[in-house]
Amino acid sequence: MTTAFIFPGQGAQAVGMGADAYHGSPAARAVFEEADSVLGVPLSRLILDGPADELVRSLNAQPAILCVSIAMLRAAEERLGTAMPRPAFTAGHSVGEYAALVAGGALSLAEALRLVRTRGELMQAACDATPSGMAALIGLPLEPARHACEGTGAQVANVNSAEQIVLGGPNDALEHAIANAKEAGARRAIPLDVAGAFHTEVMRPAEESMAGVLAQATLSAPAVPVVANTTALPIVSAEDVRSELLSQLCGCVYWQHSVELMAAQGVDRFVEFGPGKVLSGLSRRIVADADALAVSDLDAVTALA
């Protein structure tokens, strides 16, 4: 089988995620310990014990998801050894793109942790400055969803599958866009429990501040192709990495297109490392005959061999 490694984004966090890997895998525990050391905060304790209202904050949730995602990857590598599959591609949804870049050799874990901590702080500040939200449309294709946003100030923020398009924007703008979408035939519009409208113009202040941070970051060309959120094309250079990490703050996440690109290149197994099962579930819906596996605990590791 040809395998892609995929990594979840914000919203996947849960108190206790990765606990069995922390206790049962020295390699995974080393990732938690590195996160605590690099960030200078007891992130491990927050991940394992909560409280949930602190873990859900963007400045904590983003490095926590990155930490657990890479911890699960390292646990699998440790347990499987030479039986560990090698990915043809990596990809991650939103902040999961940082984990994909670590897995693809473009970012060190330490650099990624510092970047996502800052990213989370800047995104939270942008959310605080402009009350905003996101909603998942069910049953409305991409182009009608785009038309529903026209003139409202809302935007298409995520294309998760043919059946799930996420809109985001300032609260009033989002309400108008949802009303338009329902008139256009959307079966449901599900409000998302997020701090604000990620991947929209609401994040422009965060992008402006993040530009300086990324300019100083140590980045490399990926050793494994990483499929970019905003283009659904492989990243091949360090400058591509820098450009993508900046663009994705306000740019749409084309997850459906990313999975389709990998499938067209021969990928027939998608392995999700980290908390939850959202991306592996989406992969099955996007590519009907694909094998998809969520590695969110040590029991799931054995299915990889």
- [ ] Give the C-alpha distance, both sets of side-chain angles, the deciding distance and a yes or no for side chain to side chain contact (heavy atoms under 4.5 Å, CB included) between V156 and L167.
- [x] CA-CA 5 Å; V156 173; L167 307 185; 3.8 Å; yes
Open item on the list: Run the side chain to side chain contact (heavy atoms under 4.5 Å, CB included) test on L66 and L113 for me, step by step, so that the C-alpha distance in whole Å, both residues' side-chain angles and the decisive distance to 0.1 Å come before the verdict.
Closed with: CA-CA 7 Å; L66 171 64; L113 284 163; 3.8 Å; yes
TODO: Apply side chain to side chain contact (heavy atoms under 4.5 Å, CB included) to the pair V159 and C252, showing each step before the final yes or no.
DONE: CA-CA 7 Å; V159 182; C252 180; 3.8 Å; yes
Open item on the list: Set out, in order, the CA-CA distance, both residues' side-chain angles and the distance that settles side chain to side chain contact (heavy atoms under 4.5 Å, CB included) for Q124 and Q62, then state yes or no.
Closed with: CA-CA 11 Å; Q124 185 65 57; Q62 295 192 19; over 6 Å; no
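Taking all atoms of both residues into account, the shortest heavy-atom contact from A173 to G153 is CB-C, 3.7 Å. Taking each heavy atom of A12 and I65 in turn, the nearest pair found is N-CD1, 4.3 Å. What you find for I6 and S280 is that their closest heavy atoms are CD1-N, 4.2 Å. In plain terms, the two heavy atoms of P63 and V116 that are nearest each other are CA-CG2, 3.6 Å.
A donor atom on one side chain and an acceptor atom on the other are found under 3.5 Å apart for T230 and E244. Side chains of E175 and N171: no donor on one and acceptor on the other come within 3.5 Å. S94 and Q10 form no side-chain donor-acceptor contact under 3.5 Å, judged by distance and modelled atom types alone. Counted by atom type alone, E260 and H257 present zero donor-acceptor pairs between their side chains at under 3.5 Å.
For the pair L245 and L101, the minimum side-chain heavy-atom distance is below 4.5 Å. Contact annotation: the side chain of H176 never approaches that of C149 to less than 4.5 Å [non-hydrogen atoms, C-beta and beyond]. In this structure, T2 and P87 have side chains that are not in contact, with every pair of non-hydrogen atoms separated by 4.5 Å or more. Counting heavy atoms from C-beta on, the side chains of M134 and N158 come closer than 4.5 Å.
Not one N or O on the side chain of H199 forms a donor-acceptor pair closer than 3.5 Å with the backbone of C250. Side-chain N or O atoms of D297 include one that pairs as donor or acceptor with a backbone N or O of D299 at under 3.5 Å. Between the E111 side chain and the T218 main chain, a donor and an acceptor come within less than 3.5 Å of each other. Under the 3.5 Å distance criterion, the side-chain polar atoms of Q155 are left unmatched by any main-chain donor or acceptor of T200. Looking only at distances, a side-chain donor or acceptor of S258 sits under 3.5 Å from a matching main-chain atom of Y254. Formation of a donor-acceptor pair under 3.5 Å by the Q248 side chain with backbone atoms of N229 is not found in this model. Side chain of T90 to main chain of A100: a donor-acceptor pair is present (N/O by atom type, distance under 3.5 Å, no hydrogens or angles).
E78 has no carboxylate O lying under 4.0 Å from a charged side-chain N of R29, or vice versa, which leaves the two without a salt bridge.
Within the structure, the ring pair (Phe, Tyr, Trp, His ring centres under 6.0 Å) test picks out the following pairs touching residues 13-36 (sequence neighbours left out): Y22-F32. The ring pair (Phe, Tyr, Trp, His ring centres under 6.0 Å) pairs that include a residue from residues 86-105 are H93-W255, where partners are two or more places apart or lie in different chains.
Atom CZ in R119 sits 13.0 Å away from atom CG in L59 (nearest 0.5 Å). A distance of 11.0 Å separates CD in Q216 from CG in L115, rounded to the nearest 0.5 Å.
More than 12 non-hydrogen atoms from other residues, nucleotides or ligands lie less than 6.0 angstrom from CZ of R284. No more than 12 heavy-atom neighbours from other residues, nucleotides or ligands sit within 6.0 angstrom of CG on D193.
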